Amino acid sequence: MDNQTGTVQFFDTTLRDGEQAARINLNVNEKLQIAKQLAHIGINTIEAGFAAASPGDFECVQSIAREVRGSTICALARTKESDIKTAADALVSAERSRIHIFIATSDLHMQYKLKMTPEQVLEEVRRTVPYAKSLAQEVEFSAEDASRSEVPFLIEIFKAAVAGGATVLNIPDTVGYAVPDEFGALVKTIIDGVGAGPEVIYSVHCHNDLGLATANSLAAVKVGARQIEGCINGLGERGGNAALEEVVMGLRTRRDFYGVNTTLDTTKLVTVSRLVSRLTGVPVVPNKPIVGANAFAHESGIHQHGVLAKRETYEIMRAEDVGAEAAVMVLGKHSGRHAFSDRLAQLGYNLEKEELNTAFAHFKVLCDEKKEVSDGDIEALVADIISAAPERRYELASYEIECGTEIVGGPTARVVLKTTDGKEHCDAAVGNGPVDAAYIAMQRIINLDLTLENFTIAATSQASDSVGEAQVTVRHPSGVAASGRGISTDTVKACIMAYVNAVNNLYLVAAAKEIKINGN
Ligand code: KIV
Ligand code: ZN
């Protein structure tokens, strides 16, 4: 096969090697959910489990073989007849079945773990691969710890596996020891040395102990490997396995270099990643390539400006190609004027140049106080600026409160608001407390059907005569929201002022968004 062409197949071992990771335990339903998603995105082979490990593992492989269609279903087995028979039994209903046999081939593993000679290991392969082949449609053979094995011995072992009927030869970097140049060279030497026909594909299975699993997998593709094994989110023993989402996007993004095809539907990668994270309980770090929350987020002003001008300046992949939210612009102290005004436009504001300058200055001050500035913060900030404008629809003219233990019917408030035309509007109401009563009275005057979304009152010091600061956010049924602040040593007055200011701001925000609201 020409090493620069062909299609790379994906072998997912999230349910076997991934689940082998410390503290991960998936039940049969959870494994089924994941397997169905893997099949849905076009994973070629799903390693459903190690059927002989426990009755639970057997049941998982069996259910996946029974219910999942579209992918080859694979079960792991040692070079033991009983393991192989159990794997075959579990796979019986699979649309297409594969038994994956492994045995260690490094001197270290053979001597200390297996306590076998190389000849005995070779004999195991000669004996068990044909047996597996008689029980499943496909046999994959793995030489465990291949990257620390003697190359001539590896070639001999792989030749024996091919002679026995294996059509997938897997070269694992079991302990994540390999480095890309060396691993690529090893894979090439094996491909050339085994010299199998086109019915055999070479596979790699890289662990991530040195953070090189993706790089090693890609190096192997470059020299002719056509199956990549790995896990979603890079799960797996110790440092994990190659993250399949990284390998597939590496191949797609650098197709100019690797020149190979992939058939995975990458637009669901984030969905699958989230499912695996939720079911395994292993969170995805924000800076995880491809599927992390920050993978397509920009905060630096220079980057935001670049991405807004031309996405490719700072993005090598399109968020939609992996199913992520497109270019999330996180507004914070590194953000520039472009990103800020872009967000204002998205929120529906069309500020004059002067207002924009003031808003941006306020935004920078806020950024020193908060790491991330939310859309709500921006709306409040803009409302504040717009409300500094002279026109105010309502002013508090006067108010009276009656409350105390002896008041019949509950606390009562009478409020008088003055409108810009000089008219005074008065109403009175009973409420659960003095502020509630005043708010009901004001709602009747203003007549806007507002929802109170947020109400806070705080004292500015610990003394009983300290200033009370009230914050209120109101929302109109049209969706327009605005906040207001009131400050007074009389806390009820602070609350009334905050409400009046919020309503005034609401009119200004609605005008800036060109939304009409009709009150009194
Ligand atoms: O890491 C490894 O060598 C394995 C084999 C079973 C393929 O997981
Ligand atoms: Zn492994």
Side-chain angles (χ1 to χ4, degrees), residues 9-22 24 44-54 57 61 72-80 83-84 86-87 90 98-110 112-114 116 121 124-125 128-129 132 136 138-150 153-154 157-158 161 166-178 183 186-187 190 201-214 216-217 220 225 227-244 246-247 280:
Q9 303 202 359
F10 287 91
F11 175 107
D12 182 280
T13 182
T14 307
L15 303 178
R16 196 276 298 169
D17 213 327
E19 206 222 14
Q20 248 166 262
I24 296 185
N44 305 88
T45 306
I46 298 170
E47 188 162 52
F50 185 178
S54 71
D57 281 34
V61 178
T72 298
I73 307 300
C74 172
L76 186 70
R78 290 167 294 187
T79 51
K80 276 177 145 206
D83 270 25
I84 293 168
T86 310
R98 179 184 296 184
I99 295 179
H100 177 190
I101 298 185
F102 76 101
I103 190 164
T105 49
S106 66
D107 288 347
L108 196 65
H109 276 233
M110 289 189 291
Y112 293 100
K113 187 184 83 176
L114 299 177
M116 287 168 81
V121 169
E124 290 275 295
V125 176
T128 54
V129 171
E138 294 172 9
V139 174
E140 168 169 338
F141 172 74
S142 281
E144 192 189 7
D145 205 18
S147 53
R148 295 191 298 172
S149 302
E150 294 296 328
F153 180 58
L154 268 181
I157 281 273
F158 280 132
T167 50
V168 183
L169 300 181
N170 186 37
I171 305 163
D173 180 25
T174 302
V175 289
Y177 177 75
F183 193 62
L186 171 70
V187 173
I190 292 171
I201 70 165
Y202 295 86
S203 164
V204 293
H205 173 112
C206 299
H207 277 266
N208 204 29
D209 300 65
L210 292 174
L212 292 171
T214 298
N216 286 334
S217 304
Q227 176 181 277
I228 297 297
E229 300 195 2
C231 297
I232 299 294
N233 298 340
L235 289 179
E237 290 260 20
R238 308 178 310 281
N241 285 68
L244 284 186
E246 292 175 16
V247 180
T280 57

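One-based numbering, in listed order, for ligands and for the atoms of each. None of the values given here were measured: they were computed from a predicted structure. Count residues from 1 along the sequence.
Panel note: side chain Thr13, backbone Asp17; a donor-acceptor pair is recorded below 3.5 Å. The main-chain N or O of Phe102 is never found under 3.5 Å from a side-chain atom of Ser142 such that the two would form a donor-acceptor pair.
Listed by chain and number, the protein N, O or S atoms at a distance under 2.8 Å from the Zn ion (ligand 2) are Asp17 OD2, His205 NE2, His207 NE2.
The six-membered or imidazole ring of Phe11 lies near that of His100, with a centre-to-centre distance under 6.0 Å.
Remark: Lys113 engages Glu144 in a salt bridge, criterion side-chain N to carboxylate O under 4.0 Å.
Asn241 pairs in a side-chain hydrogen bond (donor to acceptor under 3.5 Å, both in side chains) with only one of the listed residues (Glu229, His205, Gln20), which is His205.
Close contacts of ligand 1 with Glu144, meaning ligand atoms under 4.0 Å from a residue heavy atom, involve 3 (O). Close contacts of ligand 1 with Pro172, meaning ligand atoms under 4.0 Å from a residue heavy atom, involve 3 (O). Remark: ligand 1 atoms within the under-4.0 Å shell around heavy atoms of Ser142 are 7 (C). Taking every heavy atom of His207 and a limit of under 4.0 angstrom, the matching atoms of ligand 1 come to 1 (O).
Counting non-hydrogen atoms of other residues, nucleotides and ligands closer than 6.0 Å to CZ of Phe153 gives a total above 12.
Looking only at protein heavy atoms, the nearest one to atom 4 (C) of ligand 1 is His205 NE2, 3.5 Å. Atom 3 (O) of ligand 1 has as its closest protein heavy atom Thr174 OG1, 2.7 Å.
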**Item:** Intermediate values then yes/no, side chain to side chain donor-acceptor pair (under 3.5 Å), Ser147 and Asp173
**Value:** CA-CA 5 Å; Ser147 53; Asp173 180 25; 2.5 Å; yes
**Asked** Under the side chain to side chain donor-acceptor pair (under 3.5 Å) criterion, do Asp57 and Ser54 qualify, and how do the steps go?
**Response** CA-CA 5 Å; Asp57 281 34; Ser54 71; 3.1 Å; yes
**Request:** Could you please spell out the steps behind the side chain to side chain donor-acceptor pair (under 3.5 Å) verdict for Thr128 and Thr79?
**Result:** CA-CA 6 Å; Thr128 54; Thr79 51; 5.0 Å; no
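For the pair Val121/Ile157, a side-chain contact is recorded, criterion being any heavy-atom separation below 4.5 Å from C-beta on.
Heavy atoms of Asp17 found under 4.0 angstrom from ligand 1 belong exclusively to the side chain.
Using 4.0 Å as the threshold, Arg16 has a heavy atom nearer than that to some atom of ligand 1.
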